[in-house]
Asker: 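This is the structure, below, for whatever I ask next.
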Amino acid sequence: MMKFGVIQFPGSNCDQDAYYAVRDVLKQPVEYIWHQETDLSGFDCIILPGGFSYGDYLRTGAIARFSPVMNAVHDFADKGGRVIGICNGFQILCEAQLLPGALIPNVGLRFICKYVNVRAENTGSDFTRLCEPGQVLRIPIAHHGGNYYADPDTLKSLEDNNRVILRYCDDEGNVTESSNPNGSLNNIAGIINDRGNVAGMMPHPERAVEEVLGSTDGVLILKSIVESLRT
Amino acid sequence: MAKVNVYVTLKPSLLDVQGKVVQGALENLGYSNVTGVRIGKYIELEIEDSNNRLEQDVDEMCRKLLANPNTETYRFEIER
Amino acid sequence: MAKVNVYVTLKPSLLDVQGKVVQGALENLGYSNVTGVRIGKYIELEIEDSNNRLEQDVDEMCRKLLANPNTETYRFEIER
Amino acid sequence: MVVTTEPGSRTVYNTVPIPPEVYRPMSMSDDEYRKVVEVLGRHPTFTELGMYAVMWSEHCGYKYSRPVLRLFKKYREAIDGTGLENAGIIDIGDGLGIAMKMESHNHPSAVEPFQGAATGVGGILRDIFTMGARPIACLDSLRFGKLDIARNRYLFEHVIGGIAFYGNCVGVPTVGGEVYFEDCYTGNCLVNVMAVGLMRHEDVAYARASGPGNSVMLVGSRTGRDGIHGATFASVELTEESESRKSNVQVGDPFTEKCLIEATLEALKTGLIVGIQDMGAAGITCSTCETAAKAGTGMRIDVRKVPLRETGMTPYEIMLSESQERMLAIVRKGHEDEVAAVFKKWGLNAVVIGEVTNDGLVSVYDGDDLVAQVPAKSLAEEAPTYELETEEPEYLARVRDYDLSSIPEPSDYNEVLIKLLGAPTVASKEWVYQQYDHMVQTNTVILPGSDAAVLRIRGTKKAIALVTDCNGRYCYLDPYVGAQIAVAEAARNLACTGARPMGVTDCLNFGNPEKPEVFWQFKRAVEGMADACEFFEAPVVSGNVSFYNETPEMAVYPTPVVGMLGLIDDVDKRCTSGFKDEGDVIVLVSGWRANEASHQTYSDKPRRSEHREESPCDIESLGGSEYLNTIHGLAVGRPPILDIDREKRVHQAVLRAIDRRLLKSAHDCSDGGLAVAIAEGCILGNVGASISLLANCAPSAALFSETQSRIVVSLPAAKLGEMMEIIDDLQVEMTVLGKVGGDTLQVSVNDVPVINVKISEIESIWRGAIARKMEGA
Ligand SMILES: Nc1ncnc2c1ncn2[C@@H]1O[C@H](COP(=O)(O)OP(=O)(O)O)[C@@H](O)[C@H]1O
Ligand SMILES: [Mg+2]
């Protein structure tokens, strides 16, 4: 059994969704972690859920990054623990410099909630290893600031080192401009850190985990983590 | 060519929800001596100053578009 | 008591989408002489200036919280 | 009246008459002022005057609408019994209840659309979670003027933006709603928001200040000068004061609200909160007097204990402020710290501002000074009510008698269909709902874009369906029938998903009720709604009235919006509106035979509306239609006939067919008629259809009339026999219209081809219509 922890920041609102996905679909043990917590021992994977931590005021993720738990997340990641930030969680990880780059407002300047297609890249990663190379996943997005930006050097290093794990694409898996919902550079929807144990993604895998919700493609991401912990 | 800086701020009587949260965050970072934070917009305009109505023009842009008269006030300065 | 004005602006290398939209809107309003718009943040801080490190403090606040070094630059001025 | 004071405190009360110039601008009449004096046995203080003025206003006291609202059964029972709670609760079995309510924020949104709409969402959510229910969904029913006018685009853009800003942040999915664009809403947009919560019955919390000695706590944000009636300020006492003292726009803080939701639900679990009430209109005044009145107690509070955001606020301002994200909690004596600790965990204030008393009075202190002391019940429950005059409006005869036969038959039906699909009122609303997080909480199993949204109920097999409906044009042409149709259409939309109606909340938007014509519309609409709700066994459990939606130039159409809850027993049986598979048969299930000729009469008992004798398929049946509106610019005729008995049997037939898993899709005919319903089935299913209609009337009527009680379904041919049995059993009609297949929609009427369009073409028109308008195209 792999023990998951879901961090609750004030303003997180996908914490319960992530919790249910792990408990009821992955059938793994899971606990909430209050943002004041400083001890993450005993956990195998930490999820930073979606939502609007601190109202997303000033900049998305900017304030949550200073929650006491984030020091513990740094240590946890340094020791090789798996960390995944979903949507607002991705934004927080970037602000906390656990992941490079930044998520800036969508080019359309509006919030977008809809299903999108993302192509699994680097299917050796801890977060995509159960996907077929190039597999197209249907997973919803729901964000106002999901436009991935990094300076040219950072971007190059991400690409050169296979650190992009998900890219927006069309039904057939082609990475096109019209399938990019928010203006992200290189259609980036998800990345990992240097070491490969910390991931951030804008789409919500926890929203695509049951047939009744319209897609189960998110399970592949979550199960990949369990799989990676097993080996 | 003129450079115009516009400062749009929330009316003083309105609750600045962002400012309040940022102040809390600064306090947590140890800056308890910060007693007030208000967050507004800072807009830089580049304008070809062909007529002599620059001042009125900018004022009108602020009233019509750059500031929301219900909730915000503005001021600007012109650098020529 | 010091009043500090912080200006946070997007790095010039980033496309300012909001600025572009505002420029378009100004054009529609008839201001075709506006050749550039950049939108940033204007943050007013009120600080009890008890120590002598006000300048360093504010700089640190900006680096840590008020601006994102990946995408933004900042400057500030202190009125005492 | 005896004045009770604390030992050592100064009593400030007033024996000097307040001049009419002061109370009249607060919308208090001379009679009402006299009544206040009678209740108090003296003249009111300025603070007391303000409290009465606002509590006895139509907005809080329902002084005009209350007598009419008694037509709603549950409302009548509540008023005569234990009083109204914030939102009604509907039992869905398994120990679970649904709390739901709708509210308007029309006027604030017309002034400041972003914040007005945002605070509208915040306010209605507080009504739900103060009942102990977790908010699980919002819907928004919106009306704007046409998008060709820049101001309307501005209002539309920012209202949607405000709803998205607030609803997305608090993490409650906005799963449905409606948007209409009509000229009559140009001066008065309507912004109605419905919130829905889920609870275990035993967790219900009451808005009652029980137990004298218990503490009164104010929870949440600090109080500022938000939303205090500007008119009052302009004319009284404060004239010499600066601009900054004027009433402020209310600013919403969804982050605080999100924390307030979590903290409140957590605090209620401690069992230490005996009563809780949100603060909306009239802020502390309303919440103190209502909770005390309901419990038969009194309350003593000190305004100096209220955490303030601004300096120099007077007791009057504190009592009347409408600052957002605040609540009043009645806490067991001695447990204040435990409750405060829960709120503090979520970063929120919770301070004791007073205590519950047994004298039936709300006593307001400003430190040591008693500044107001009034019987709680007199404020909360004894607002004078009025029976306003009614008079049938003159315009009715004119619009009803319009000669529809003078309208020319179109020469190109493709063009008409395309125009209708591109009309913002008919077109896809995805421009709107993609800006809302409609999936958070991972319960939305039919997303916006179908007939009704469906949410599964975790831990059960069940699902609920939610919808809002109202065609204002119908109500303008006949408020009684229009309101009935609103209820029928809501139930029909639910039926299309497989849900049976359980209950209704409403938001009644009208013009100035002091005009007899407007009050006539109001009364007729409520009669229609009450009758229909009773017939559908969907009781009205909550609602809201918004009057004065008019400018000197125009009044809105009477717009009684219905929000309806339905229940699906097995979530796996839910049904959507798009066609599914090539070869499936398309069938019209209806209360009427498709080609019924002019012999149609009402045999059933007339249900208090005026009936006409024509067939639903003649030119008259185009009355009030989107076709007349969009193509000919007319709002004339009579609304479609509704026979609610037939209507209900149609729903039952479709429900039964869905339950037996016969249907692949179901979609009701509403705005734009049969042709639009079929086109939408094609677009949503990304597949074509070929249709052949037989009709004893002009093709325009066959295609575009909005004849009621009709649902387009699709099913495999092999299931037709079983379907027929259901149809016979329920004595409704079914007509085979054609087949699913191909990539075009082809329609013939009496074997003459009239429509032939590519699905990809109509899809882009329908999906992109609002976006194009917003770009000014
Ligand atoms: N303001 C809105 N907010 C959210 N969803 C909306 C809104 N307006 C319309 N919708 C959704 O779009 C779909 C079609 O709406 P509408 O055309 O009003 O349906 P109908 O004709 O069946 O009443 C529905 O799923 C509805 O919930
Ligand atoms: Mg419908």
Side-chain angles (χ1 to χ4, degrees), chain A residues 8-21 23-25 32 34-36 49-58 60 63-64 67 87-88 106 108-116 139-145 171 181 203-215 218, chain D residues 134-136 157 160-161 163-175 252-263 345-348 430-449 454-459 461 463 570-572 574 576 771 774:
Chain A
Q8 291 183 304
F9 299 98
S12 293
N13 67 26
C14 304
D15 45 335
Q16 307 193 5
D17 302 352
Y19 180 94
Y20 287 131
R23 190 192 70 183
D24 299 348
V25 181
Y32 291 118
W34 188 240
H35 68 115
Q36 304 279 13
F52 288 71
S53 55
Y54 295 93
D56 271 357
Y57 296 146
L58 189 66
T60 56
I63 295 171
S67 280
C87 198
N88 194 227
N106 298 346
L109 298 174
R110 294 198 180 98
F111 190 95
I112 311 172
C113 176
K114 65 173 184 185
Y115 269 95
V116 297
I139 302 182
I141 54 167
H143 59 245
H144 199 286
D171 289 342
H204 286 269
E206 81 284 7
R207 294 187 183 189
V209 292
E210 293 169 80
E211 229 27 279
V212 72
L213 296 173
S215 168
Chain D
R134 174 171 285 280
I136 56 166
E157 167 107 43
I160 304 302
I163 293 171
F165 162 72
Y166 208 101
N168 296 350
C169 183
V170 295
V172 178
T174 304
V175 298
D253 178 2
F255 168 58
T256 293
E257 179 104 338
K258 167 65 177 166
C259 294
L260 202 51
I261 295 176
E262 300 303 333
K345 174 187 158 194
W346 289 95
L348 298 167
E430 65 187 39
W431 187 91
V432 174
Y433 59 71
Q434 283 187 352
Q435 295 189 52
Y436 302 152
D437 189 341
H438 48 261
M439 298 188 226
V440 64
Q441 298 192 16
T442 53
N443 292 319
T444 321
V445 297
I446 294 186
L447 306 181
V454 174
L455 283 85
R456 56 114 171 245
I457 303 293
R458 271 179 208 278
K461 281 240 79 171
D570 181 353
V571 65
D572 290 333
R574 69 194 184 281
T576 54
M774 291 306 285

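Treat the numbers as computed from the prediction; the structure is a model and nothing was measured. All heavy atoms count here, side chains included; hydrogens, waters and symmetry mates do not. By convention in this document, chain letters (A, B, ...) are assigned in the order of the sequence lines, proteins followed by strands, and residues within each chain are numbered from 1.
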Asker: Backbone N or O of D:Cys169 within a donor-acceptor pair of the A:Asn13 side chain at under 3.5 Å?
Answerer: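 Yes; at least one donor-acceptor contact below 3.5 Å.
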Asker: By salt bridge (Lys or Arg N to Asp or Glu O under 4.0 Å), which residues pair with D:Glu257, not counting sequence neighbours?
Answerer: D:Arg126
Asker: Taking all non-hydrogen atoms of both residues into account, name the closest pair between D:Lys258 and A:Ser12 and its distance.
Answerer: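 Scanning both residues, the minimum pair turns out to be CE-O, 3.1 Å.
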Asker: Counting heavy-atom pairs closer than 4.5 Å to chain A, which one of D:Thr444, D:Val445, D:Asp437 comes out on top?
Answerer: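 Of D:Thr444, D:Val445, D:Asp437, D:Asp437 has the most heavy-atom pairs under 4.5 Å with chain A.
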Asker: Can you say whether the rings of D:Trp346 and A:Trp34 are parallel (under 30°), tilted (30 to 60°) or perpendicular (over 60°)?
Answerer: perpendicular
Asker: Taking every heavy-atom pair that is under 4.5 Å apart, which of A:Lys114, A:Arg207, A:His143 has the most such pairs with chain D?
Answerer: A:Arg207
Asker: Is any side-chain heavy atom of A:Leu213 less than 4.5 Å from a side-chain heavy atom of D:Arg456?
Answerer: yes
Asker: Checking A:Gln36 against chain D: side chain, backbone, both or neither under 4.5 Å from a heavy atom?
Answerer: neither
Asker: Are A:Phe52 and D:Phe255 near enough that their ring centres are under 6.0 Å apart?
Answerer: no
Asker: Between A:Pro140, A:Gly55, A:Ala142, A:Gly51, which shows the greatest number of heavy-atom pairs under 4.5 Å with chain D?
Answerer: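 Sorted descending by pairs with chain D, the first entry is A:Gly55.
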Asker: Going from CD on D:Glu157 to CZ on A:Arg110, what distance comes out if it is rounded to the nearest 0.5 angstrom?
Answerer: 4.5 Å
Asker: Which bit of D:Val170 comes within less than 4.5 Å of chain A, counting heavy atoms only: side chain, backbone, both or neither?
Answerer: backbone
Asker: Quick one, A:Cys113 and D:Tyr436 - any side-chain contact, counting heavy atoms below 4.5 Å?
Answerer: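 With C-beta onward as the side chain, the pair stays apart.
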Asker: Using non-hydrogen atoms only, which part of D:Val571 is less than 4.5 Å away from chain A: side chain, backbone, both, or neither?
Answerer: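 Side chain of D:Val571 only, per the 4.5 Å heavy-atom cut-off to chain A.
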Asker: So what's closer than 4.5 Å to chain D heavy atoms on A:Tyr115: side chain, backbone, both or neither?
Answerer: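 Contact with chain D: backbone and side chain both.
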Asker: Can you tell me how far apart CD (D:Gln435) and CD1 (A:Ile112) are? Round to the nearest 0.5 Å.
Answerer: 9.0 Å
Asker: Please look at D:Glu430 and chain A and tell me whether the side chain, the backbone, both or neither of the residue comes under 4.5 angstrom of a heavy atom of that chain.
Answerer: neither
Asker: When you compare the side chain of D:Arg574 with that of A:Val212, does any pair of heavy atoms fall below 4.5 Å?
Answerer: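 Yes, at least one pair of side-chain atoms sits under 4.5 Å.
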Asker: Please report the interatomic distance CD(A:Gln16) to CZ(D:Arg458), rounded to the nearest 0.5 Å.
Answerer: 8.5 Å
Asker: Give a yes-or-no answer on whether the side chains of D:Asp253 and A:Tyr57 include a donor-acceptor pair shorter than 3.5 Å.
Answerer: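 Distance-only check passes for D:Asp253 and A:Tyr57.
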Asker: Suppose the criterion is salt bridge (charged side-chain N to carboxylate O under 4.0 Å, His left out): which pairs have a residue in residues 438-449 of chain D, not counting sequence neighbours?
Answerer: none
